[in-house]
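The next block holds one structure in the form of structure tokens; read it before the comments.
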Number of protein chains: 2
Amino acid sequence: MAIKDRKERDKLDRRKLIIESATRLFLELGYEKTSIRTIADDIEYSPATIYLYFKEKDEIFYIIHEQGFVLLNNEFAKHVHIENPFERLTAIGHSYLNFALDNPDYYDLMFIMRAPLQEISCLEKWDAGDSAFQVLVDTVSEGIDQRLLKEADKFMVALTVWSYAHGLVSLYIRERFQSMKKVDDQVLKNMLGQSMDFFLKSIQH
Amino acid sequence: MAIKDRKERDKLDRRKLIIESATRLFLELGYEKTSIRTIADDIEYSPATIYLYFKEKDEIFYIIHEQGFVLLNNEFAKHVHIENPFERLTAIGHSYLNFALDNPDYYDLMFIMRAPLQEISCLEKWDAGDSAFQVLVDTVSEGIDQRLLKEADKFMVALTVWSYAHGLVSLYIRERFQSMKKVDDQVLKNMLGQSMDFFLKSIQH
DNA sequence: TTTGCATACTAAACACTGTTTAGTATATTT
DNA sequence: AAATATACTAAACAGTGTTTAGTATGCAAA
């Protein structure tokens, strides 16, 4: 049965090949311009072959979507050692902001686009996303328990913090701040950081 | 020259016909499924005819985008009479939330989608959007001047408020809260309102 | 060794999309 | 009546995601 094993390994290798090509092309060209034919050209297979390894285009992008959450969770993990929950929340907030500014395409796929979401609601899996949100809920909970944050329903506060952070970066990424483009990009980016601090200070007890 | 006048009127009528059809189809089917051919079928003209009245698909959707801002500005206008800036801000905040929940497709086009945005950055016009943001900046400014809101850079605070509100509704619209779907939709909607009040109370002086 | 079968792959097609081109009627002007 | 401008469209172009039908290839049983 060694042959069958090798074949299964080969199959996984080709699956991996597709994912790696798709990820690279996606970060290079964006979602829209990364077509099945582009990926097929890149890995030198026919477009139909890709459908032997993935049910549909969005299944590939769901995987890239998950990879993004791994990166984000890694950033969050750097702050688990911070004892003070408010300081930890501050660090997480700025990490979230920086992640979005440094990886706008990943962020788009993870939090803005509709594309890879059918996958999630069908397959009931959303672990990586839940994990990142759980870090937020835990930190907020600790903060409230230690009276470092204003008293309120913990889940609701976490939802408020996430909403604020998401709004800030998604308006930036989707260029809704660009309209008042009297301000140049670096000034605007600095203001995003100031806004983050203002927000966190506001919910501080 | 009466004939020429009539012809110009007719031309505007057909332009209006296209816009009305496109708006109706967009609110019924969404952006993706409202194709040039769908509109052409609906108004019983050929697809090529539409290109005699609009340079490209996104020019039509830019106009729908503008119509959305008229609706939103109308909602905001209902609160200009409120003397107390903090109370006015609260009313505006809840109007924004309700507008998004009642008109998710408009909201998507106005604040999330990339589609009709080339138009804006090219033609330098973004009046409706600027006007809505100006209402926010003015209200925040008054609030800070009267020490009803925490002291900080006025533009930055307005940006923070908008970011929060946008994050809240866009995460809802793009179904990022649906993952923790232990909570049902009505409970979640109530929580959005509570979050809005919590946020506003937090930035209150 | 040869037959049979499953695996891996692809050319071509299907049904869409936004957009352009070239050509046809109709109406107005000369 | 001839020339011109207007309004419109059939058909094509280049692209998309996806499916179908068919072709080689490698392995297992006869």
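Small disclaimer: the values here were computed from a predicted structure and weren't measured. Proteins get letters first, then strands, A, B, ... in listed order; numbering begins at 1 in each.
- In this structure, Phe54(A) reaches neither bases nor backbone, as no heavy-atom distance under 4.0 Å exists between it and the strands shown.
- One can place CG of Asp10(A) at 15 Å from C1' of dC27(D), the figure rounded to the nearest angstrom.
- No side-chain heavy atom of Thr160(A) sits less than 4.5 Å from a side-chain heavy atom of Tyr164(A).
- Summarising the geometry, atom CG belonging to Asn84(A) is positioned 4.0 Å from atom CD belonging to Glu87(A); distances are rounded to the nearest 0.5 Å.
- The side chain of Arg14(A) lies closest to dA8(C), out of dA7(D), dA8(C), dG17(D).
- Distance from the side chain of Thr38(A) is smallest to dT16(D) among dT19(D), dT16(D), dA10(D).
- Partner Phe111(B) forms a ring-ring contact (aromatic ring centres under 6.0 Å, His included) with one of Phe133(B), Phe99(B), Phe69(B), Tyr106(B) and no other, that one being Phe69(B).
- The shortest distance between the side-chain N/O atoms of Lys57(A) and the OP1/OP2 oxygens of dT16(D) is not below 4.0 Å.
- Heavy-atom nearest nucleotides on DNA chain C were determined for Glu44(A) and for Ile36(B), and the one closer to the 5' end corresponds to Glu44(A).
- Among the heavy atoms of the strands lying under 4.0 Å from Thr49(A) is at least one base atom, whether or not backbone atoms are also near.
- For dA14(D), the OP1/OP2 oxygens have no side-chain nitrogen or oxygen of Arg37(A) closer than 4.0 Å.
- For dA10(D), neither phosphate oxygen OP1 nor OP2 lies less than 4.0 angstrom from any side-chain nitrogen or oxygen of Ser46(B).
- For dC8(D), the OP1/OP2 oxygens have a side-chain nitrogen or oxygen of Tyr45(B) closer than 4.0 Å.
- Listed nucleotides: dG18(C), dG17(D), dT21(C). Nearest to the side chain of Tyr51(A): dG17(D).
- Contact record, Gln67(B) with Thr23(B): OE1-OG1, 3.4 Å, taken as the closest heavy-atom pair.
- Across dC8(D), dT20(D), dT17(C), the shortest atom-to-atom separation from the side chain of Leu52(B) is found for dC8(D).
- Of the side-chain N and O atoms in Tyr53(B), one or more sit less than 4.0 angstrom from OP1 or OP2 of dC8(D).
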